[in-house]
**Q** 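Dropping a structure here in structure tokens format, bear with me for questions.
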Amino acid sequence: MSRTGDIRSGLHAPEGERGQYRGPKPRKDWAADWVPNNEGTVRSLPIYVGGASLLAVLFNRAVSGIAPVADASSSQSRADLLTLGLAVTNILTGLVWLSIRPKSISVVKPEGVECRRIQSGLPELVVSELLWVWESLSTVTCCRSLVIIYDSICIMQIGVAAKSSAEDGGAVAVNPVKLMQGTLYQGIKKSKAQNYLANLSLYPGRSELPFLPANTQAVILQPLGDNGIAVIGGDTIRGFTTSDQTWIAYIGEKLDVTLAKHAGEISVLTQESVQRSNS
Amino acid sequence: MDDSQSNGQQPGQLNLSVLRFTLGIPGFDESYLPRYIGYGFGSLLLLNHFVGSDLSAITPAQLRTEALGLSLAAFSAVLPYLGKFLPIKAACSFSRFHLCCGYLLHLSDMTLQRIFQGTATVNQASLPAGNEQLFIMSEGMPEALREQLAWSTYVLLRNTNTIAALVSVGGELCVRGYWSTPDDISRADLVDWFNKQIQNIGLPDLKDALYFPVNSGNEFQTLLPKGTRSLLILPLLRVSNSSTGKLKLSKGLVLLASSMTYAYSDKDRAWIEAIANQFRG
């Protein structure tokens with residue numbers, strides 16, 4: 001963020017040499033910085049303030065020698081009642097804030113090996129877009145594994161993947177044909193919509209994704225048009241927010257358009273891989 | 001799917017969800033209730049002091065209570081402002097229906113909107129009057145860049161609280177959304193007009209991101225649509241190796257304007273940064 005030296009908006013940056021930004025700088029908002037960092041304190045603050053005020057009112061009454069009678073006959077009583085009302089409002093607000101505190105869910109480090117497999121022979125543009133998708137997802141969301149399958153071949157497998165039991169200890173390879181015959185892919189092909197498995201351990205369909213680390217917590221299955229699927233594995237239960245889901249849907253559409261445009265080159269690769277598996 | 005954990009309650013934790021409520025008044029945000037109560041009771045305290053009591057015979061005890069009451073009223077008025085920055089339970093995989101059934105009484109629309117932070121679309125950010133819908137691009141752009149800019153501006157307008165988006169990459173401009181431009185400029189000259197406005201403020205020389213959550217200041221008034229409250233500007237820098245060392249030179253910028261205050265949460269800004277990364281390369 002910009003320099004925080006200017007604490008009032010509307011101050012111009014010095015008009016020094018040519019090529020200097022001459023607009024205003026944002027005002028430093030202490031509340032926006034302080035509150036999220038001291039969440040616990042802030043949530044219980046109204047309760048303490050309200051509770052202390054409640055006791056103070058009663059103490060005040062006791063010390064001044066007025067009987068603690070809750071009637072509105074004298075101006076003192078009215079003032080006390082109003083203050084008590086405010087104290088109670090504060091206590092209730094504090095309780096509401098405490099009740100809507102999000103449950104903190106811990107991150108589970110995925111067990112597996114780092115892998116970065118991109119189908120060779122793809123055009124430069126497609127590769128750079130695929131890498132952009134991976135960079136975005138891994139930076140912004142809790143995504144730790146990404147597999148993209150299009151036209152029955154695995155275009156990209158990147159991030160953390162399950163370790164194979166073979167001697168070389170590399171990542172488990174993706175079997176695109178088997179995945180596309182499975183229930184998970186068939187389900188999203190029929191619904192043409194994203195499928196979000198927020199807590200992967202609850203789903204029996206888990207066995208169709210053997211290439212993901214065994215302790216992957218959440219998975220998003222994004223269809224890429226009619227021919228592809230993106231499998232996005234995350235390290236936190238319910239770690240993908242609704243915002244993330246919408247962004248992923250849009251990115252999926254974009255990826256589909258790009259891959260469809262280069263479908264000719266991809267189908268050549270499909271034929272090559274079919275020939276290799278037949279021979 | 002996850003209904004058993006829907007309330008997010010740890011075992012042994014008090015279930016306070018009964019305290020959440022809505023009065024069912026459309027457009028009334030219940031989280032502002034402490035502020036209204038603070039104003040109301042504070043005024044009543046003052047009324048009580050000047051009208052309801054014998055001014056010559058006010059006891060110190062009453063003055064103490066009133067001082068305490070007025071401080072509490074001021075504190076209550078500030079509470080909604082602080083509460084805005086507290087993260088609320090992220091109900092990511094729940095539909096509104098599940099959310100409604102999970103609690104004893106349903107939450108008001110505004111509270112639901114804040115729970116789904118960052119997914120409020122243009123429909124929920126109100127469109128201020130005096131702006132026109134616009135979609136212009138520089139001439140002579142390579143096709144690939146054209147498509148990228150069109151998609152990026154589309155997605156930024158749909159997915160964030162943005163009403164107006166401007167992306168400039170290497171001198172090529174794409175402007176989309178609701179803008180207010182001078183009437184005497186023809187559509188063909190609009191691109192030049194926008195470029196000139198950007199140059200006047202010195203935006204191409206910006207080095208760091210700027211986020212104005214509340215008020216963007218007077219300098220931006222000609223450029224931005226009417227009713228802009230939040231403003232986010234991300235420079236697209238490219239690093240060039242010169243003989244003296246690495247230089248950061250500006251390649252362009254992403255400028256987003258919204259009619260809401262605090263329109264861009266941290267998550268929104270992270271996604272916008274990711275979109276901007278397409279052009280940094």
Side-chain angles (χ1 to χ4, degrees), chain A residues 1-2 9-10 19-26 29 31-32 35-36 39 42-43 46 49 53 56-57 60 64 66 75-76 78-80 82-83 85-87 89-90 92-93 95-103 125 128 132 135-136 139-140 196 198-199 238 240-243 246-247 250 254, chain B residues 1-2 8 10 16-17 19-20 34 37-38 41 44-45 48 52-53 59 61-62 64-66 68-69 72-73 75-76 79 81-83 85-90 92-93 116 118-119 144 151 155 159 201-203 205-206 208-213 215 217-220 267 270-271 274 277-278:
Chain A
M1 290 296 275
S2 61
S9 70
Q20 190 91 1
Y21 170 60
R22 291 179 286 283
K25 305 273 176 159
D29 197 337
V35 170
E39 213 190 298
V42 174
R43 282 191 196 270
V49 168
S53 313
V57 167
N60 184 43
S64 324
I66 313 167
S75 57
Q76 168 76 38
R78 284 195 291 270
D80 280 339
L82 287 170
T83 311
L86 283 167
T89 307
N90 273 304
L92 285 178
T93 308
L95 288 174
V96 169
W97 283 3
L98 278 181
S99 76
I100 56 178
R101 182 207 300 254
K103 187 167 94 167
L125 251 136
S128 66
W132 170 74
E135 285 299 322
S136 308
T139 317
V140 182
Y196 178 24
N199 190 350
R238 291 193 292 277
F240 294 103
T241 64
T242 328
S243 165
T246 336
W247 281 104
Y250 279 112
K254 176 171 208 274
Chain B
M1 264 190 228
D2 273 308
Q10 315 273 18
L16 298 164
S17 56
L19 292 172
R20 280 165 289 181
I37 293 180
F41 280 33
L44 286 175
L45 271 170
N48 182 52
S53 53
T59 60
Q62 179 166 344
R64 281 198 292 268
T65 303
E66 284 173 358
L68 181 64
L72 267 181
F75 184 70
S76 305
L79 280 182
Y81 171 67
L82 290 180
F85 301 111
L86 288 172
I88 319 183
K89 218 188 286 254
C92 39
S93 60
F116 292 117
T119 62
W151 179 81
V155 123
N159 251 359
I201 313 174
L203 280 177
D205 305 303
L206 198 58
D208 308 305
L210 286 185
Y211 177 38
F212 296 88
N215 187 2
N218 295 328
E219 285 73 13
F220 291 106
K267 179 70 100 158
W271 274 114
N277 273 336
Q278 284 182 107

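Quick note on labels: first sequence line is chain A, next is B, and so on, each numbered from 1.
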**Q** Ignoring hydrogens and angles, state whether a donor on the side chain of T65(B) or D80(A) is under 3.5 Å from an acceptor on the partner side chain.
**A** yes
**Q** Tell me, for W151(B) versus chain A, whether the close heavy atoms (under 4.5 Å) come from the side chain, the backbone, both or neither.
**A** side chain
**Q** Taking W132(A) for its side chain and A274(B) for its backbone only, find out whether a donor-acceptor pair lies under 3.5 Å.
**A**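 Indeed, once roles are kept as given, a pair shorter than 3.5 Å links the two residues.
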**Q** Look only at the side chain of Y196(A) and the backbone of F240(A), and say whether a donor-acceptor pair between them is shorter than 3.5 Å.
**A**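 The answer is yes, because a donor-acceptor pair under 3.5 Å joins these two groups.
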**Q** Specify which of L125(A), N90(A), T89(A), T93(A) makes the most heavy-atom pairs with chain B at under 4.5 Å.
**A** N90(A)
**Q** I'd like to verify something: which residue of V42(A), T139(A), V57(A), V49(A) has the highest number of heavy-atom pairs under 4.5 Å with chain B?
**A**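 Top count of heavy-atom pairs under 4.5 Å with chain B: V49(A).
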**Q** Please answer whether the main-chain N or O of L98(A) pairs with a side-chain N or O of R43(A) as donor and acceptor at a distance below 3.5 Å.
**A** no
